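Heads up, the thing below is written out as structure tokens.
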Protein chains: 2
Amino acid sequence: MTFSVAATTTAAVAPPPMPAPQTRGVETVTGRCAGCSARSKGLCGALTAGDLPNLSTTSRPLDLLSATPVVMEGEEAGAVFTVMSGMLKLYKTLPDGRQQITGFATAGDVIGLAVGTGYAYTAETVTASTVCRMPRTALRRLMERHPAVQGRLLAMTSVELSAAQDQILLLGCKTAVERVSSFLLALSRRSRPLADGTPSVFLPMPKVDIGAYLGLRPETLSRVLRKLEGAGAITRLTNDRIRIENPAALEAAA
Amino acid sequence: MTFSVAATTTAAVAPPPMPAPQTRGVETVTGRCAGCSARSKGLCGALTAGDLPNLSTTSRPLDLLSATPVVMEGEEAGAVFTVMSGMLKLYKTLPDGRQQITGFATAGDVIGLAVGTGYAYTAETVTASTVCRMPRTALRRLMERHPAVQGRLLAMTSVELSAAQDQILLLGCKTAVERVSSFLLALSRRSRPLADGTPSVFLPMPKVDIGAYLGLRPETLSRVLRKLEGAGAITRLTNDRIRIENPAALEAAA
DNA sequence: GGGTCCGGTTGATCCAGATCAGGGCGGGTC
DNA sequence: GACCCGCCCTGATCTGGATCAACCGGACCC
């Protein structure tokens with residue numbers, strides 16, 4: 001689960017990057033995947049340029065507003081999606097409505113991989129995002145033809161599993177301060193520092209979502225952030241950006 | 001993470017099933033893997049009988065007493081292990097000693113798959129167990145030669161990931177009663193019912209380990225079990241066996 | 001402008017589960 | 001037999017974070 005965020009908060013959707021899905025010859029179609037900014041990070045990084053035209057015929061980029069559902073827990077898993085830009089939240093819901101966010105997906109992440117026939121979680125955009133849709137059958141054929149794709153998928157799933165186990169440790173053992181500190185540190189490792197070189201994190205999602213990820217109420221999250229700020233570990237620049245003043249202090253708290 | 005337990009609690013180790021690791025010809029070596037009870041469930045189920053002799057030269061079964069560490073978090077991941085019988089606990093440790101059990105491994109489960117170079121968790125037997133050791137390099141060669149093995153590994157990792165996300169939901173949202181009920185139901189689905197047909201679960205691990213898996217103290221676990229018994233949902237037959245009297249009541253509580 | 005809504009923050013209070021403390025029991029050893 | 005030790009259970013008390021309630025400020029709409 002990566003966190004290298006680079007998205008607008010609640011902006012309108014940019015116009016589609018391609019003229020239209022009309023046939024314009026293989027050259028143009030190849031260009032769509034060849035120019036994909038998420039390709040090196042995502043599933044398709046395992047393919048060579050020569051394979052891309054074929055890929056372009058089965059995959060389609062989609063531009064989505066914020067708060068748009070992409071896959072729904074339990075629904076038949078007909079396709080997988082690669083995030084090209086923006087951010088999504090993945091969550092599971094209990095019958096009585098309680099929700100647990102299991103992760104946030106950003107550029108390069110693949111969502112919608114299912115064990116059985118149904119999606120294991122719901123995925124919904126938190127900012128305007130672009131995702132690339134690939135039918136499940138196309139993915140299966142791609143894996144059969146290119147074992148490297150399967151290897152890539154295995155590597156990505158293994159990383160996800162490891163992240164999930166870290167989250168189990170966080171939810172099972174850690175205190176509120178430790179959870180927030182761990183979260184901020186994990187984010188800061190994946191985001192670029194500010195112009196002056198100090199590390200910072202961008203939090204485009206609402207506080208209630210961060211809480212639902214960390215197993216905390218938004219009130220508790222707010223109090224912990226105040227405490228960390230009072231201790232000189234962080235500074236809240238705006239509502240959605242925090243500067244890490246003292247990584248060592250956060251490390252000690254996590 | 002499967003739970004179909006069938007193991008002695010703290011018994012002595014059975015004598016090695018094979019005469020000795022001396023060379024006795026391909027026939028016998030083939031026999032070792034061909035007769036492996038965990039083969040269909042484990043990684044090697046993706047192989048045909050003809051591939052087994054080669055497998056036997058790189059893999060070795062190991063008989064282990066209870067409370068024996070198999071892999072240690074952070075150590076270099078030189079091999080993977082398939083559980084043939086018994087039960088292991090997998091856990092992560094915080095610097096101050098707090099431990100979170102991320103899962104229990106039983107026959108067919110593969111442990112020790114690592115993303116980077118180091119194991120992500122510690123694995124330790126909770127009952128006397130038999131595991132099959134395969135060097136990492138041998139696994140890599142096996143995957144290169146047999147894409148089906150890689151597919152199997154991907155499927156197994158995906159199931160693990162899904163189970164980990166369920167555990168995140170449990171730890172992030174559920175109450176103590178809900179956690180224990182979910183746990184008992186998950187176990188009962190994977191174990192055989194008693195002779196009279198009522199479902200039951202076998203809990204060879206100490207209560208403190210179940211607590212460490214569910215994010216609860218053993219005192220709380222004890223109180224919850226008493227409560228469930230008082231409500232007529234379960235009966236404690238012995239210290240390590242519980243009969244599910246009313247699956248619907250557990251379902252409602254979970 | 002004024003109104004409403006929503007996300008965030010802060011304060012007061014509550015409670016589920018942790019912690020602390022004591023006791024029972026079965027297995028192992030001498 | 002007596003003793004010890006580990007595991008489990010139970011009761012009393014404590015507390016971290018949830019819950020309840022109120023307020024603030026910015027975005028949006030009329």
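Everything quoted here is computed from the prediction, not taken from an experiment. Note on naming: letters A, B, ... go to the chains in the order of the sequence lines (proteins, then strands), and numbering restarts at 1 for each one.
- If you check the side chains of A:Arg98 and A:Thr93, you find no donor sitting under 3.5 Å from an acceptor.
- Using a 3.5 Å distance cut-off with no hydrogens or angles, the side chains of A:Glu76 and A:Tyr119 do not pair a donor with an acceptor.
- For A:Ser158, the side chain to side chain contact (heavy atoms under 4.5 Å, CB included) partners at least two apart in sequence or on another chain are A:Leu154, B:Val115, B:Thr157.
- Listed by residue number, the members of residues 168-181 of chain A with any heavy atom below 4.0 angstrom from DNA chain C form an empty set.
- A search for salt bridge (charged side-chain N to carboxylate O under 4.0 Å, His left out) contacts involving A:Arg243 returns A:Glu245, not counting sequence neighbours.
- The interatomic distance linking B:Leu221 (CG) with D:dT10 (P) rounds to 12 Å, in whole Å.
- Between the CD1 atom of B:Ile210 and the P atom of D:dC7 there is a distance of 13 Å, given to the nearest Å.
- By the 4.5 Å heavy-atom criterion applied to side chains, B:Tyr121 and B:Ile111 are counted as neighbours.
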Using atom types as modelled, flag every donor-acceptor pair under 3.5 Å from a side chain in residues 201-209 of chain B to any protein atom, sequence neighbours excluded.
residue  : atom : partner  : partner atom : Å
B:Lys207 : NZ   : B:Asn239 : O            : 3.1
B:Asp209 : OD1  : B:Lys89  : NZ           : 3.2
B:Asp209 : OD2  : B:Lys89  : NZ           : 3.2

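- Between B:Asp109 and B:Lys41, none of the side-chain N atoms (NZ, or NE/NH1/NH2) sits under 4.0 Å from a carboxylate O, so this pair counts as no salt bridge.
- Chain A approaches DNA chain C over the interval C:dG8 to C:dA12, counting the first and last nucleotide 5' to 3' with an atom under 4.0 Å from its heavy atoms.
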Where do N or O atoms of nucleotides 21-28 of chain D meet protein N or O atoms at under 3.5 Å, pair by pair?
none

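- Among the protein residues, A:Gly215 comes within range of the sugar-phosphate backbone only, with heavy atoms under 4.0 Å from sugar or phosphate atoms but none that close to a base.
- Between A:Tyr213 and A:Phe183, the ring center distance clears the sub-6.0 Å criterion.
- In this structure the side chain of B:Thr82 never reaches within 4.5 angstrom of the side chain of B:Met134, judged on heavy atoms.
- Between the axis at the start and the axis at the end of the helix from C:dG1-D:dC30 to C:dC30-D:dG1 there is an angle of 30°, using five pairs per end and rounding to 10 degrees.
- Between B:Tyr91 and B:Glu73, the side chains place no donor N or O within less than 3.5 Å of an acceptor N or O (distance only, hydrogens not considered).
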Between side-chain atoms of residues 214-224 of chain B and protein atoms elsewhere (two or more places apart, or another chain), which donor-acceptor pairs fall under 3.5 Å?
none

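- Annotation: side chain to side chain contact (heavy atoms under 4.5 Å, CB included) contacts of B:Thr125 (sequence neighbours excluded): B:Leu64, B:Thr68, B:Val70, B:Leu88, B:Ser129.
- For DNA chain C, the neighbouring residues in residues 223-236 of chain A, judged by any heavy atom under 4.0 Å, are A:Arg223, A:Arg226, A:Arg236.
- Taking 4.5 Å as the limit, some side-chain heavy atom of B:Ile168 sits within range of a side-chain heavy atom of A:Gln100.
- Shown here are the side chain to side chain contact (heavy atoms under 4.5 Å, CB included) partners of B:Glu251, two or more places apart in sequence or in another chain: B:Leu185, B:Arg189.
- For residues 194-204 of chain A, no residue pair satisfies the salt bridge (Lys or Arg N to Asp or Glu O under 4.0 Å) rule, not counting sequence neighbours.
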